Visitor: 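The structure follows.
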Amino acid sequence: MAHQDNESDERLNQQLQELIQEAQKHPASSLERRRILSRLIMAINDSNQVGHPQRGQWPPAQYEDLYNQALSYTWEYIAKNIDAYNPKFKVMAWFNDILKKRFIDVLRRESRHWGTSSMDELSEKGYQASSNDEESQLQQLRHCIEINPIYSETHIKNRPDVNFKAIFILRLDGYQWDAISEEFKLKRTTLSSFFQRNLTKFSPEIRRCLDGT
Amino acid sequence: MGPNLKTMPTKNTLATAQMGVQIMNNIAKISTLKVPLSFDAHDVARQCSSNSDRPDKTQQVYMNTLAVYAVDYYLRLMGFKTDWPHSESRDPIALQVLDVADLEIPDIGKLECRPVLADAEFCELPLEVQEDRVGYAVVRIDPSLKEGEILGFTSTAASTIALQQLQSVDALLEMLTELEQAATVSELGASVTQLGRWLKNQVETGWEQLETLLGGEPQLEWSLLGTPSVSEIERGKLINLDMQLQKHPLVLIAAITPENNDKVGVHLKLRTGKGQSFLPPNLELSLLDETGETLQSVVARQQDTLIQLPRFRGDSGEKFQVQIHLADSSFTEAFVL
């Protein structure tokens with residue numbers, strides 16, 4: 001049994017080393033290196049040999065976040081330093097060593113984080129009344145759109161009622177393009193491209209108003 | 001020989017090159033790719049979605065942000081330069097009134113990154129993202145929101161995309177790498193030669209009358225090339241191709257003729273520079289399209305003094321490149337008609 005494990009370890013190591021050596025032959029931004037690097041990610045993910053530093057020392061849910069963050073940083077390191085790989089070491093030993101170090105980095109920084117939310121928590125959170133802070137920010141955005149007459153003066157040709165301000169408020173209230181199209185009896189694409197064009201144009205102005213400058 | 005990599009010879013370079021191909025063929029094609037979503041991803045998602053008072057909006061922005069995070073992370077791993085902070089999907093005002101999940105990739109364009117849930121078979125594209133995108137990547141977000149799986153992409157906008165029809169992640173890499181290379185070429189070619197303007201007598205410096213470049217050399221070849229038409233404008237550019245410490249002075253010649261319907265006839269040639277008897281054998285002259293794809297090429301044989309590409313017609317504004325290639329050295333010039 002142990003002998004078989006050694007053999008499959010050896011095979012995996014050879015396969016991963018060949019991928020890395022192949023990647024090293026191609027320049028950093030070449031399609032070949034990108035493809036090989038993607039394959040390396042898949043092969044390592046599927047290897048069942050990715051380590052779990054400090055597992056058991058943390059509650060499982062918290063550990064998963066810490067671990068995933070460390071894994072993200074590990075891949076960032078590997079992708080940048082693929083040319084520095086020394087074939088003297090087994091690929092998985094190299095990878096797991098980096099992962100261990102990144103895990104410690106994450107622990108050092110972890111205190112500033114809130115953690116992740118699941119889909120269920122997100123739906124719940126969504127239905128909670130928003131805080132005063134968020135409300136006042138939204139009110140301020142509405143206010144900025146209301147006070148500047150340019151937004152209601154900017155309208156679709158011959159349709160002063162279909163102006164930037166009117167569409168902005170409808171979108172802010174969550175109306176879909178279908179509903180707005182129904183309301184104004186105009187094509188969705190006409191409305192959406194008019195709106196997006198002017199949003200790009202007015203964004204700096206709106207931002208200045210929000211910043212109170 | 002079996003597919004087992006162990007048995008492949010690795011001694012000589014040819015075998016190594018073959019092994020490369022073998023590796024590419026042996027390992028499953030990358031169809032999808034998983035990205036862990038942890039603190040960094042959720043921090044941005046929380047920050048972007050916190051400004052709304054509508055639950056549906058909060059959730060939409062949160063999920064969109066995770067999808068963009070996954071694609072941005074993967075593309076940066078692959079060495080692409082992205083500019084997520086300056087994308088619409090990070091603009092608090094745009095987020096309030098548009099359903100956007102774009103990722104700005106400088107010089108390439110916006111890649112839209114849409115989230116789908118675990119059991120989805122389709123991905124809806126809102127109207128506001130159906131224009132101005134180089135493509136649409138789709139990311140399946142695990143219900144735990146701890147993992148995003150990049151399912152693939154399509155470059156065609158539609159209100160609904162069937163996930164089964166998506167192209168692979170490999171194809172996404174291919175498309176973006178091509179666009180990136182095309183952008184690099186046009187950047188290098190800040191000095192794109194504007195052939196269309198030659199017709200208005202505006203010729204870039206470096207492009208000279210052939211007499212100036214070739215001096216008093218006997219111009220026997222001219223007769224072989226046929227008499228140039230009256231309206232043809234012909235200029236040459238001196239190019240020094242370095243190879244194995246040897247300089248090969250060459251003259252790249254472009255001749256253009258105005259034609260009907262705004263079209264321009266183009267004839268490209270390469271000849272020996274002053275004092276050279278023959279072109280180096282195997283010297284290659286190629287016509288490439290805007291993206292760097294080779295359209296046509298011609299190779300010098302022993303004792304050639306001139307090689308030329310077949311004459312072609314193009315529309316005003318059309319872009320192409322000419323590449324001169326010999327062993328390890330090459331020279332590329334970008335043109336616009």
Side-chain angles (χ1 to χ4, degrees), chain A residues 11 14-15 18-19 22 25 28-31 33-39 41-43 45 64-66 68-69 71-72 75-76 79 106 110 113-120 122-123 125-127 130 134-135 137-138 141 168 171-174 177 188-189 192-193 195-196 199 203 206-207 210, chain B residues 5-6 16 19-20 23-24 27-28 30 33-43 45-46 50-59 62-63 73-74 76-80 91-94 96-98 117 126-128 130-131 141-147 169-170 173-174 177-178 180-181:
Chain A
R11 233 191 345 259
Q14 196 163 348
Q15 190 205 357
E18 272 162 5
L19 278 172
E22 190 58 32
K25 283 187 213 151
S29 299
S30 63
L31 180 59
R33 180 180 294 215
R34 286 168 173 165
R35 279 189 169 154
I36 297 164
L37 205 54
S38 299
R39 278 160 184 73
I41 296 175
M42 299 252 294
N45 282 344
E64 198 178 348
D65 286 343
L66 294 168
N68 279 341
Q69 192 61 62
L71 210 50
S72 294
W75 279 118
E76 282 176 358
V106 173
E110 186 263 342
H113 289 290
W114 303 42
T116 65
S117 317
S118 75
M119 192 68 202
D120 293 340
L122 184 61
S123 320
K125 218 183 282 174
Y127 287 104
S130 58
E134 287 147 19
E135 255 170 45
Q137 271 193 38
L138 268 177
L141 180 57
F168 194 100
R171 290 294 298 180
L172 206 55
D173 289 338
W177 291 111
R188 296 183 331 147
T189 45
S192 136
S193 53
F195 181 67
Q196 280 184 274
L199 182 63
S203 256
I206 302 172
R207 206 164 295 128
L210 282 175
Chain B
L5 288 169
K6 261 196 208 167
T16 318
M19 187 179 70
I23 286 178
M24 298 296 272
I27 292 177
I30 300 279
L33 204 127
K34 289 178 181 169
V35 173
L37 302 171
S38 186
F39 306 120
D40 285 359
H42 284 260
D43 277 356
R46 202 171 288 113
S50 67
N51 292 327
S52 181
D53 60 349
R54 296 193 350 254
D56 59 324
K57 191 60 174 174
T58 307
Q59 194 167 329
Y62 203 100
M63 298 298 277
Y73 175 79
Y74 173 61
R76 284 188 298 104
L77 274 193
M78 293 297 116
F80 288 98
D91 175 349
I93 300 166
Q96 292 290 352
V97 287
L98 299 173
L117 297 175
L127 192 59
E128 52 265 47
Q130 290 180 28
E131 270 177 32
I141 310 283
D142 186 85
S144 69
L145 309 188
K146 290 185 196 296
E147 187 176 79
V169 170
D170 251 354
L173 286 181
E174 201 172 317
T177 305
E178 266 178 28
E180 183 187 57
Q181 283 165 357

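Bear in mind the structure is a predicted one, so any value in this text is a computation, not a measurement.
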Visitor: Which answer fits A/Ile206, side chain, backbone, both or neither, if we ask what part of it has an atom under 4.5 Å from a heavy atom of chain B?
Guide: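 Both parts, backbone and side chain.
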
Visitor: Give, for atom CD of B/Glu128 and atom CZ of A/Arg188, the distance between the pair rounded to the nearest 0.5 Å.
Guide: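 Reported to 0.5 Å precision, the distance equals 9.5 Å.
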
Visitor: Could you have a look at B/Leu173, B/Val35, B/Leu127 and say which one has the most heavy-atom pairs with chain A under 4.5 angstrom?
Guide: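 Of the candidates given, the most pairs with chain A belong to B/Leu127.
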
Visitor: Name the region of B/Asp91, side chain, backbone, both or neither, that has any atom closer than 4.5 Å to a heavy atom of chain A.
Guide: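 Interface part for B/Asp91: side chain.
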
Visitor: Which bit of B/Ala45 is near chain A, if near means a heavy-atom gap under 4.5 Å: side chain, backbone, both or neither?
Guide: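 Looking at B/Ala45, nothing touches chain A.
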
Visitor: Can you tell which part of A/Trp177 gets under 4.5 Å to a heavy atom of chain B, answering side chain, backbone, both or neither?
Guide: side chain

Visitor: May I ask you to test the B/Leu98-A/Phe195 pair for a side-chain heavy-atom distance under 4.5 Å?
Guide: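 Yes, at least one pair of side-chain atoms sits under 4.5 Å.
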
Visitor: Does the side chain of B/Asp170 come within less than 4.5 Å of A/Arg39's, by heavy atoms?
Guide: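 SC-SC contact between A/Arg39 and B/Asp170 confirmed.
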
Visitor: Return the minimal non-hydrogen interatomic distance between A/Ser38 and B/Met78, and the atom names on each side.
Guide: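 Heavy atoms of A/Ser38 and B/Met78 come nearest at OG-SD, 3.4 Å.
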
Visitor: Of all heavy-atom pairs between B/Ser52 and A/Leu138, which one has the smallest distance, and what is that distance?
Guide: C-CD1, 3.9 Å

Visitor: Write down the atom of A/Phe168, the atom of B/Val97, and the distance for their closest heavy-atom approach.
Guide: O-CG1, 3.6 Å

Visitor: When rounded to the nearest 0.5 angstrom, what is the spacing between NZ in B/Lys34 and CD1 in A/Ile41?
Guide: 13.5 Å

Visitor: Below 4.5 Å from any heavy atom of chain B, which atoms of A/Glu76 appear? Answer side chain, backbone, both or neither.
Guide: both

Visitor: Looking at CG of B/Leu33 and CE of A/Met42, how far apart are the two atoms once the value is rounded to the nearest 0.5 Å?
Guide: 6.5 Å

Visitor: With a 4.5 angstrom heavy-atom cut-off, is it the side chain or the backbone of A/Leu199 that approaches chain B, or both, or neither?
Guide: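 It is the side chain, since no backbone atom gets that close.
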
Visitor: Minimum heavy-atom separation for B/Lys146 to A/Asn68, with atom names?
Guide: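 So the two residues come closest at O-ND2, 3.6 Å.
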
Visitor: What part of B/Leu37 gets within 4.5 angstrom of chain A, counting heavy atoms only: side chain, backbone, both, or neither?
Guide: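 The backbone, not the side chain.
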
Visitor: Are any of the side-chain nitrogens in A/Arg34 or B/Glu174 under 4.0 Å away from the carboxylate oxygens of its partner?
Guide: no

Visitor: What's the shortest heavy-atom distance between B/Phe39 and A/Val106, and which atoms?
Guide: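 Here B/Phe39 and A/Val106 meet closest at CE1-CG1, 4.1 Å.
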
Visitor: Report yes if some heavy atom in the side chain of B/Asn51 is under 4.5 Å from a heavy atom in the side chain of A/Leu141; otherwise report no.
Guide: no

Visitor: Report the distance from atom CG of A/Asp173 to atom CG of B/Asp53, rounding to the nearest 0.5 Å.
Guide: 8.5 Å

Visitor: Roughly how far, to the nearest 0.5 Å, is CD of B/Glu131 from OG of A/Ser192?
Guide: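 If we round to the nearest 0.5 Å, A/Ser192:OG and B/Glu131:CD are 7.0 Å apart.
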
Visitor: For B/Lys57, is it the side chain, the backbone, both or neither that has a heavy atom under 4.5 Å from a heavy atom of chain A?
Guide: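 Answer is neither: B/Lys57 stays 4.5 Å or more from chain A.
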
Visitor: To the nearest 0.5 Å, what is the distance between OG on A/Ser30 and CD on B/Gln181?
Guide: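 Spacing of OG (A/Ser30) from CD (B/Gln181) equals 8.5 Å.
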
Visitor: Which atoms form the tightest heavy-atom contact between A/Arg207 and B/Ile93, and what is the distance?
Guide: N-CD1, 3.8 Å

